[in-house]
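Following: one structure in structure tokens, then a few remarks.
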Amino acid sequence: MTMLSAGAIPALAQQPEPWQIGLQSASTPVMESITGFHNFLLVIISLVTLFVLVLLTICIVKFNSKSNTTPSRTSHNTILEVAWTVLPVIILVVIAIPSFRLLYFQLETPEPDLTIKATGYQWYWGYEYPDHEGLSFDAVMLADDELQPGDPRLLATDNNVVVPVNKIVKVLVTGDPMGVIHSWTIPAFGSKVDAVPGRMNETWFKATKTGMYYGQCSELCGRDHAFMPISVQVVEQAEYDAWVSERTAGLQPRDDKKKFAQNTLGSE
Ligand SMILES: [Cu+2]
């Protein structure tokens, strides 16, 4: 298909592994933050769970009817009650601060180097590169008999989204106006945003390593929900430029703008 797909199968591919337990390794600053936050929460919930387990064990061992034949009549302990109210509040505040920081980090797209528009159809993704007039394509999942060596089954598509490494990519995400809700997701990028018909959502990523990155539609969207994967190929800037010129060679500028103007005028 293109010069990138056949010859240069990248060494790094981020995709689900058999028996994988943790998150896919992070390839963007956002995903690094998500992974860090996840590990931070894991420590907190482990400590809380262990603490409750210890209390329960003490209750079971010390205060069962055999070892504690005359139970205490105590029903209130002000200090204890204040403590078990205030401590969880403190824990929640400690969680909330980095949580909101991360949410805003994901939400606020920095000044992008490149913009891509992804549209969810039933059941594949369509892509447009508004920075490069006329550069657009659909990405349809490869059937089993179309897979090349190195292509992961149910994840590889006929066209990859190609982006340059270490550049801020803004992804505009929407759904086919006649379609249903999908969700554009790349786990290694920490990107997941709904593709809603008639609404333009956005996400961003800055991939820090070249390679192939795979994701799947993450909104239960119908019959072929499981068969509309997302494949992003991160390449060096020079390779990206070559891909763009190959893709745009011989393309006529679209007359969408003219059509749009006519439609708008016509409806007024
Ligand atoms: Cu979908």
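The shortest distance between side-chain heavy atoms of Glu236 and Pro164 does not fall below 4.5 Å. For the pair Leu23 and Met31, the minimum side-chain heavy-atom distance is below 4.5 Å. The side-chain heavy atoms of Leu103 and Leu107, taken from C-beta on, include no pair separated by under 4.5 Å. Side-chain contact check for Pro112 versus Trp204: every heavy-atom pair is 4.5 Å or farther apart. Met212 has its side chain out of reach of Val232: every pair of non-hydrogen atoms, C-beta onward, lies at least 4.5 Å apart. Taking 4.5 Å as the limit, some side-chain heavy atom of Ile230 sits within range of a side-chain heavy atom of Trp125. With a 4.5 Å cut-off on side-chain heavy atoms, Leu55 and Thr57 do not count as touching. Counting only heavy atoms from C-beta outward, the side chains of Met228 and Cys221 approach each other to under 4.5 Å.
Closest non-hydrogen pair, Ile44 versus Ile95, comes out as CD1-CG1, 3.9 Å. The shortest heavy-atom contact between Ile168 and Pro110 is CD1-CB, 3.8 Å. Closest approach of Ala156 and Asp151 over heavy atoms only: CB-CB, 3.8 Å. Across every non-hydrogen atom of Gly120 and Ala195, the tightest pair is N-CB, 4.4 Å. Trp123 and His182 make their closest contact through CD1-CE1, 4.1 Å (heavy atoms, listed as atom of the first residue, atom of the second, distance). Considering all non-hydrogen atoms of both residues, Asp194 and Val173 come closest at O-CG1, 3.8 Å.
Note on Val161 and Val169: same hydrophobic cluster, where clusters join Ile, Leu, Val, Met, Phe, Trp and Tyr whose side-chain heavy atoms are under 4.5 Å apart, directly or indirectly. A continuous path of ILVMFWY side-chain contacts below 4.5 Å connects Tyr240 to Val165, so both sit in one hydrophobic cluster. Cluster membership for Leu47 and Leu87, using ILVMFWY side-chain heavy atoms within less than 4.5 angstrom, is not shared. Residues Phe137 and Val234 fall within the same hydrophobic cluster, defined by Ile, Leu, Val, Met, Phe, Trp and Tyr side chains chained together at heavy-atom separations under 4.5 Å. Linking ILVMFWY residues whenever their side-chain heavy atoms come closer than 4.5 Å, directly or via other members, leaves Leu41 and Leu92 in distinct clusters.
Between atom OH of residue Tyr124 and atom CG of residue Asp224 there is a gap of 12.0 Å, rounded to the nearest 0.5 Å. With values rounded to the nearest 0.5 angstrom, Glu128 atom CD is found 9.5 Å from Asp138 atom CG. Within the model, atoms CG of Leu102 and CD1 of Ile97 stand 14.0 Å from one another, a figure rounded to the nearest 0.5 Å. The structure places CG of Leu154 at 8.5 Å from CG of Leu147, a figure rounded to the nearest 0.5 Å. With rounding to the nearest 0.5 Å, the separation of CD1 in Ile181 from OG1 in Thr174 is 10.5 Å. To the nearest 0.5 Å, the span separating NZ on Lys170 from CG on Leu172 amounts to 5.5 Å.
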Checklist entry - Would Ile186 and Tyr214 count as a side chain to side chain contact (heavy atoms under 4.5 Å, CB included) if you check the C-alpha gap in whole Å, the side-chain angles of each, and the deciding distance to 0.1 Å? => result CA-CA 6 Å; Ile186 296 285; Tyr214 295 100; 5.8 Å; no
Next on the checklist: Applying side chain to side chain donor-acceptor pair (under 3.5 Å) to Ser218 and Ser183, what does each step give before you reach the verdict?
Outcome noted: CA-CA 5 Å; Ser218 298; Ser183 179; 4.8 Å; no
Next on the checklist: As a quick check of understanding, evaluate side chain to side chain contact (heavy atoms under 4.5 Å, CB included) for Val163 and Leu114, giving each step before the final call.
Outcome noted: CA-CA 8 Å; Val163 295; Leu114 169 71; 4.1 Å; yes
Next on the checklist: Run the ring pair (Phe, Tyr, Trp, His ring centres under 6.0 Å) test on Trp243 and Tyr129 for me, step by step, so that the C-alpha distance in whole Å, both residues' side-chain angles and the decisive distance to 0.1 Å come before the verdict.
Outcome noted: CA-CA 12 Å; Trp243 177 79; Tyr129 285 61; 5.3 Å; yes
Next on the checklist: Please determine whether side chain to side chain donor-acceptor pair (under 3.5 Å) holds for the pair Gln14 and Ser25, giving the CA-CA distance in whole Å, both sets of side-chain angles, and the decisive distance to 0.1 Å.
Outcome noted: CA-CA 8 Å; Gln14 288 298 346; Ser25 58; 2.8 Å; yes
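Every residue two or more places apart in sequence or in another chain that forms a side chain to side chain contact (heavy atoms under 4.5 Å, CB included) with Pro16 is listed here: Gln20, Gln24, Leu155. Contacts of Tyr127 classified as side-chain hydrogen bond (donor to acceptor under 3.5 Å, both in side chains), with partners at least two apart in sequence or in another chain: Trp184. Scored by the side-chain hydrogen bond (donor to acceptor under 3.5 Å, both in side chains) test, Thr119 finds no partners at all (sequence neighbours excluded). Residues that satisfy the salt bridge (charged side-chain N to carboxylate O under 4.0 Å, His left out) test with Asp144, not counting sequence neighbours, are Arg153. Residues passing the salt bridge (charged side-chain N to carboxylate O under 4.0 Å, His left out) test with Arg199: none are found, sequence neighbours excluded. Annotation: ring-ring contact (aromatic ring centres under 6.0 Å, His included) contacts of Phe189 (sequence neighbours excluded): Phe205, Tyr213. Considering only residues two or more places apart in sequence or on other chains, Lys167 meets the side-chain hydrogen bond (donor to acceptor under 3.5 Å, both in side chains) condition with Gln237. Residues passing the side chain to side chain contact (heavy atoms under 4.5 Å, CB included) test with Leu80 are Asn77, Trp84, sequence neighbours excluded. Annotation: ring-ring contact (aromatic ring centres under 6.0 Å, His included) contacts of Phe51 (sequence neighbours excluded): none. The salt bridge (charged side-chain N to carboxylate O under 4.0 Å, His left out) test applied to Lys206 returns no partner, not counting sequence neighbours. Remark: Asp176 pairs with Tyr121, Met178 by the side chain to side chain contact (heavy atoms under 4.5 Å, CB included) rule, at least two apart or across chains.
No more than 12 heavy-atom neighbours from other residues, nucleotides or ligands sit within 6.0 angstrom of NZ on Lys192.
Formation of a donor-acceptor pair under 3.5 Å by the Asn68 side chain with backbone atoms of Ser65 is not found in this model. Between the Ser33 side chain and the Pro29 main chain, a donor and an acceptor come within less than 3.5 Å of each other. The backbone N or O of Ala26 lies less than 3.5 Å from a partner atom in the side chain of Lys209, making a donor-acceptor pair. In this structure, the side chain of His132 does not engage the main chain of Val244 through any donor-acceptor pair within 3.5 Å. Side-chain atoms of Asn160 do not come within 3.5 Å of backbone N or O of Gln233 as any donor-acceptor pair.
Residue pairs satisfying the side-chain hydrogen bond (donor to acceptor under 3.5 Å, both in side chains) criterion with at least one member in residues 88-117, sequence neighbours excluded, are listed as follows: Thr109-Glu202.
Neither side chain, Thr208 nor Ser27, offers a donor N or O lying under 3.5 Å from an acceptor on the other. Side chains of Thr248 and Glu133: no donor on one and acceptor on the other come within 3.5 Å.
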